[in-house]
Amino acid sequence: MDRYNVRESEARWQGVWEEAQSFQAEEDPAREKYYVLEMFPYPSGRIHMGHVRNYTIGDVIARYKRARGFNVLHPMGWDAFGLPAENAAIERKVHPRDWTLANIDTMRSQLKSMGLSLDWSREIATCLPDYYKEQQKLFLAFLAQGLAYRRRSWVNWDPVDQTVLANEQVIDGCGWRSGAPVERRQLRQWFFRITRYADELLSAIDGLERWPDKVRTMQRNWIGRSEGAEIRFRFDGSEEWVEVFSTRPDTLFGASFVALSPQHALTAALAENDPDLAKFVEDCAHLGTSEAAIEQAPKLGYDTGLKVLHPFLPEKRLPVYVANFVLVDYGSGAIFGCPAHDQRDMEFARKYDLPVLPVVAPDGQEAEERAAWLQNLAEAAPHAYDGPGRIVNSHFLDGLPIAEAKRQAVERLEQLGEAKARTQFRLRDWGISRQRYWGCPIPVVHCDTCGVVPVPEAELPVLLPDDIDLSAGGNALEHHPTWKHVTCPECGGAAIRDCDTMDTFVDSSWYFARFCSPRASDPVEPHAADYWLAVDQYIGGIEHAVLHLLYSRFFMRAMQDCGLIDLKEPFASLFTQGMVVHETYKDETGAWLSPDQVERKGETVTTLEGQPVTVGRIEKMSKSKRNVVDTDHIIQVYGADTARWFMLSDSPPERDLVWTEAGIEGAWRFLNRVWRLTLHPDAPLAEAGAPMPAGAEEGAAGTLLRQIHRTIDAITHDLERFHFNRSVARVHELVNAITALKEDTPAAAWVRRSGVETLVRLIAPMMPHLGEELWQALGGKGLLCDQPWPEAEASYLQDESITLAVQMNGKLRATIQVPSDADKSRTEELALADETVQRHLEGKAPRRVIVVPGRVVNIVI
RNA sequence: GCCCGUGUGGCGGAACUGGUAGACGCGCGCGACUCAAAAUCGCGUUCCUCCGGGAGUGGGGGUUCGAUUCCCUCCACGGGCACCA
């Protein structure tokens with residue numbers, strides 16, 4: 001018997017789709033649109049299994065929605081700027097652009113071999129001037145709106161690589177590439193004013209109903225809104241003061257010190273005349289910023305000798321420290337310390353022997369008990385109390401619950417002119433300057449006379465120079481002999497280009513909008529954006545839960561305020577898929593082995609030479625653990641449809657998927673089974689288009705006919721909810737049922753044909769090549785990818801009789817057949833008539849009978 | 001420490017708003033076909049059982065006629081955040 005020739009068939013249908021331009025999207029206001037997008041890849045070199053999973057999921061949705069009649073936009077592009085290209089350039093002595101474009105070529109052909117229903121005519125790459133030119137326009141628009149600005153700020157500085165690092169690039173306090181301890185430095189940097197939208201970005205999360213709760217929670221935490229007050233502490237004998245932010249103004253009477261950040265402006269001023277303080281600040285700058293470093297770092301302080309007045313207690317003086325645990329860029333960079341009710345302040349106070357003054361006590365204590373509790377907290381307890389309770393030792397606040405005390409304390413301070421209520425966010429403005437070559441140039445020049453001058457739009461794009469020496473380290477654009485020297489667009493004098501490039505997260509913050517009009521001579525064309533946006537379904541990894549997804553939400557708002565787009569939320573629905581993971585293997589020496597170096601026979605795993613192998617944990621596929629399965633190899637051997645089918649089977653898409661050889665083999669066997677069932681069935685199929693013969697609705701044929709329609713109904717339901725693994729199970733069931741009907745009657749042949757035709761249409765989004773192959777063989781008209789989704793006929797969705805469970809005291813005792821339209825009393829009658837039920841009743845009457853029609857009967861005895 | 005998930009056979013997982021737990025697949029076992037193997041097909045496969053049944057969805061408790069599903073509590077694993085005042 002001949003077999004399905006996967007490679008020949010898949011290549012052929014990919015050619016047919018391309019020839020017919022089947023997936024090119026056209027704006028058509030008469031049709032309802034559907035924009036499906038998977039997070040575009042970084043062109044690292046080759047497609048990996050994570051991509052295969054991501055794009056398979058997206059393609060199922062795209063093809064399904066197409067069949068449902070939507071005008072689908074499903075584009076693809078490349079997130080093509082970034083550090084790896086520079087690293088590769090240094091290691092291999094190639095140009096970052098050449099390396100990147102070669103990778104794109106490789107990966108494009110890999111994606112094409114997957115048979116994805118992509119509109120390749122809209123392909124974009126962020127590293128090409130026609131993309132970054134538009135991004136430079138966006139930057140200038142933001143600049144004009146005050147959404148981009150430059151300021152000195154504290155940054156993570158890698159002293160070896162001589163560049164700023166993003167927080168994500170700092171691992172355990174060290175640069176991720178150089179391994180050198182990161183320093184805190186002040187640099188002049190470009191920022192995007194994301195904090196302008198902090199409140200709006202936070203409150204709009206409530207409206208993102210089709211986003212995973214997890215992502216919504218993470219964004220809420222990241223934005224981190226807290227309400228409190230900015231309070232003035234005046235210096236003793238001076239007109240000066242220091243501003244302090246607190247969310248606990250109710251504990252003001254428990255204050256025993258004020259602490260400034262080592263990077264606070266006042267600290268710097270004091271340090272000028274105090275070498276010891278300067279030394280202390282210097283030491284703090286070298287402390288790690290990693291999680292571990294922070295956890296272990298002791299609280300350190302430096303007593304400035306200065307005193308401030310307590311805002312409520314004129315006679316009280318508080319010492320002013322500089323403390324290493326006070327962050328410069330949160331609140332006002334200074335705090336008041338209330339050791340009794342804040343753990344950090346407690347540690348600090350115990351160390352420097354400062355008073356601990358309890359001002360909150362939990363409810364429900366006896367007087368004596370409370371006195372002892374307060375004394376212990378003041379004198380001995382190592383832990384601060386931050387639980388609920390009532391205010392004590394606090395004059396006019398005494399006896400109030402915390403929330404009320406906060407309100408009254410702020411109110412009183414406001415009357416005194418010593419504070420104002422304030423909402424503080426954790427979210428910071430987005431620093432986008434990178435001292436890197438392979439990124440989008442920032443289109444401004446710096447002129448001694450005119451200051452920062454935007455490059456006129458007519459002169460865009462500011463192109464990256466081709467001739468670049470990356471080997472020197474540091475900022476290559478800075479070191480380029482001529483590139484940065486320009487004349488000022490305003491005064492014509494000598495000026496210097498900004499030599500930083502933009503964070504690559506800028507590139508990915510608006511690419512989905514660019515896909516709507518990828519060749520337009522403006523960033524976006526309003527009619528195209530209005531029609532296609534928002535993205536109806538966005539699909540990608542959870543790792544972008546905050547950064548990329550938050551930046552994109554910011555970008556749409558910023559672009560809207562610049563009059564460039566009419567949209568706030570870019571992604572109406574978000575799906576975050578799990579990773580592809582694989583077993584790990586080690587040989588006797590402890591060296592990692594790749595999957596193709598081991599052989600599995602049942603439970604025993606050996607090397608190909610029969611040497612013992614230790615099977616390790618199942619982990620994310622990574623080069624270092626060598627547990628990577630090559631996508632090209634899989635597609636070569638089994639075909640894209642097999643890989644796609646396996647990706648959709650078993651694991652729900654939001655969970656991790658364990659790649660196994662047995663799993664892909666199983667998918668391969670199933671693919672062939674479907675092919676055989678259609679082209680070489682054991683029992684005959686009716687002719688195409690034959691009318692339904694008598695008897696097709698009765699007996700075994702009728703049962704299959706009803707199952708066919710129930711399957712359509714179930715799979716439709718499942719695909720709408722991303723339950724691909726259940727769809728796969730339903731397809732298996734349908735195939736099993738069609739195979740099982742072996743009767744050689746016209747009725748059976750007709751229903752079998754109906755079953756096979758339906759099967760082919762149902763698998764079309766998941767195994768599109770096999771689908772086309774079988775559709776053609778069955779004599780289907782046109783291309784399967786253009787066929788409408790099958791409709792279940794309501795009249796076939798129900799059997800005449802159903803199997804009902806009969807419980808006695810909640811335990812299953814019997815199942816009975818009842819007509820599907822049986823009412824309660826008829827059902828009860830049938831249940832009580834059952835033999836097993838009668839035996840258990842032992843002649844007695846039931847105490848109660850609960851009948852849930854269509855579900856269950858429970859007899860209580 | 002705070003927040004959020006997850007926990008079901010040997011394995012991946014299914015079970016709609018509380019209603020037959022284990023669909024479907026993998027693996028395994030037995031059988032058919034074959035000189036043989038592969039491929040394919042059929043049957044079986046939660047555990048215990050005196051074959052009547054009994055137990056069972058991480059542990060314990062609760063609500064209910066009925067709980068994988070709801071509530072409380074504990075345990076384990078995973079993820080996010082974390083000197084954010």
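Chain naming here is simple, since letters A, B, ... match the order of the sequence lines and numbering starts at 1 in each. Just so you know, these numbers come straight off a predicted model, no measurement behind them.
Nucleotide C83(B) forms no Watson-Crick or G-U wobble pair with any nucleotide shown, as no partner meets the under 3.5 Å limit on both distances. Summarising the base pairing, A14(B) is matched to no nucleotide, lacking a Watson-Crick or G-U wobble pair whose two defining distances lie under 3.5 Å. When both pairing distances are held under 3.5 Å, C41(B) makes a Watson-Crick or G-U pair with G31(B). Across every strand in view, U20(B) sits unpaired, with no contact that passes the Watson-Crick or G-U test at under 3.5 angstrom. U57(B) is unpaired under the criterion used here, namely a Watson-Crick or G-U wobble arrangement in which both key atom distances are under 3.5 Å. Of the nucleotides present, C75(B) is the one that pairs with G7(B) by Watson-Crick or G-U wobble criteria, both distances under 3.5 Å.
When the side-chain nitrogen and oxygen atoms of R848(A) are compared with OP1 and OP2 of U64(B), none of them lie within a distance under 4.0 Å. Side-chain nitrogen and oxygen atoms of T217(A) include none within less than 4.0 Å of the OP1 or OP2 phosphate oxygen of G80(B). Phosphate contact (OP1/OP2 of C65(B), side-chain N/O of K811(A), threshold under 4.0 Å): absent. OP1 or OP2 of C84(B) has not a single side-chain nitrogen or oxygen of R422(A) nearer than 4.0 Å.
Counting non-hydrogen atoms under 4.0 angstrom, T803(A) reaches a base of the nucleic acid. The residue R813(A) sits close only to the backbone: its heavy atoms come under 4.0 Å of sugar-phosphate atoms, none of a base. Across all strands shown, R655(A) has heavy atoms under 4.0 Å from sugar-phosphate atoms exclusively, and none from any base. V728(A) comes within contact range of no nucleotide atom at all, as no heavy-atom separation falls under 4.0 Å. Within 4.0 Å of R428(A), counting heavy atoms only, lies at least one base atom of the nucleic acid. Base contact: V852(A) has a heavy atom under 4.0 Å from a base atom. Nucleic acid contact for N736(A): sugar-phosphate only, since backbone atoms but no base atoms lie under 4.0 Å from a heavy atom of the residue.
Between the base of G19(B) and the side chain of Q807(A) there is a donor-acceptor pair shorter than 3.5 Å. Judged by atom type and distance alone, R669(A) does not reach the base of C26(B) through any side-chain donor-acceptor pair under 3.5 Å. Residue N858(A) places a side-chain atom within donor-acceptor reach of the base of C65(B), judged by atom type and a 3.5 Å distance cut-off alone.
For T247(A), the side-chain atoms get nearest to A85(B) when compared with the rest of G53(B), A85(B), G13(B). Listed candidates were G25(B), A23(B), G19(B). Nearest to the side chain of H732(A) is G25(B). Side-chain proximity of L812(A) to A85(B), A21(B), C65(B): nearest is A21(B). Relative to the side chain of D650(A), the nucleotides G54(B), G25(B), G7(B) differ in distance, and G25(B) lies closest. Across A14(B), C65(B), A85(B), the shortest atom-to-atom separation from the side chain of N725(A) is found for A14(B). Of all nucleotides listed (G13(B), U20(B), C41(B)), U20(B) comes nearest to the side chain of A805(A). Nearest to the side chain of A662(A), among C24(B), G27(B), G13(B), sits G27(B). Listed candidates were A82(B), C83(B), C41(B). Nearest to the side chain of R426(A) is A82(B).
RNA chain B is contacted by both D682(A) and D213(A); D213(A) maps to the nucleotide lying nearer its 5′ end (nearest heavy atom per residue). Taking the nucleotide of RNA chain B with the nearest heavy atom to each of S246(A) and L804(A), the more 5' of the two is matched to L804(A).
With salt bridges taken as basic N to acidic carboxylate O contacts below 4.0 Å, none links R730(A) and D713(A). With respect to R428(A) and D329(A), a salt bridge is recorded, a charged nitrogen being found less than 4.0 Å from a carboxylate O.
Proximity of L266(A) to V320(A): side-chain heavy atoms (C-beta onward) are nowhere separated by under 4.5 Å. The side-chain heavy atoms of V860(A) and N809(A), taken from C-beta on, include a pair separated by under 4.5 Å. Side-chain contact between W668(A) and V6(A): present, with at least one pair of heavy atoms (C-beta onward) separated by less than 4.5 Å. Here the side chains of W211(A) and Q219(A) are in contact, with some heavy-atom distance below 4.5 Å.
Under the 3.5 Å distance criterion, the side-chain polar atoms of R644(A) are matched with a main-chain donor or acceptor of P765(A). Between the side chain of D656(A) and the backbone N or O of V580(A) there is no donor-acceptor pair closer than 3.5 Å. No donor-acceptor pair closer than 3.5 Å links the side chain of R225(A) to the backbone N or O of D199(A).
Rounded to whole Å, the C1' atom of G80(B) lies 25 Å from the corresponding atom of U73(B). Here, C33(B) and G42(B) have their P atoms 15 Å apart, quoted to the whole Å. Comparing the C1' positions of G13(B) and C75(B) gives a spacing of 24 Å, expressed to the nearest Å. The same atom, C1', is picked in U68(B) and in A14(B); the two are 11 Å apart, to the nearest Å. A gap of 16 Å separates the P atoms of U63(B) and C71(B), to the nearest Å. Annotation: G10(B) and G79(B) have their P atoms spaced 26 Å apart (nearest Å). Annotation: C83(B) and C70(B) have their C1' atoms spaced 40 Å apart (nearest Å). The same atom, C1', is picked in C47(B) and in G62(B); the two are 27 Å apart, to the nearest Å.
In this structure, the CD atom of E347(A) is 12 Å from the C1' atom of G1(B), given to the nearest Å. If you take CH2 of W222(A) and P of C4(B), they are 19 Å apart, rounded to a whole angstrom. Atom pair I859(A):CD1 and C65(B):P shows a separation of 16 Å (rounding to whole Å applied). Residue Y321(A) contributes atom OH, which lies 23 Å from atom P of C83(B) at whole-angstrom precision. Following rounding to the nearest Å, N672(A) (CG) and U40(B) (P) show an atom-to-atom distance of 8 Å. With rounding to whole Å, K214(A) atom NZ is found 8 Å from G78(B) atom C1'. One can place CD of E665(A) at 14 Å from C1' of G25(B), the figure rounded to the nearest angstrom. In this structure, the CG atom of D342(A) is 17 Å from the P atom of A82(B), given to the nearest Å.
In this structure, G54(B) is classed as anti because its glycosidic torsion departs from zero by more than 90°. Against the 90° criterion about 0, the sugar-base torsion of G9(B) places it in the syn range.
Using cut-offs of 30° and 60° on the angle between ring planes, the pair Y352(A) and Y321(A) is tilted.
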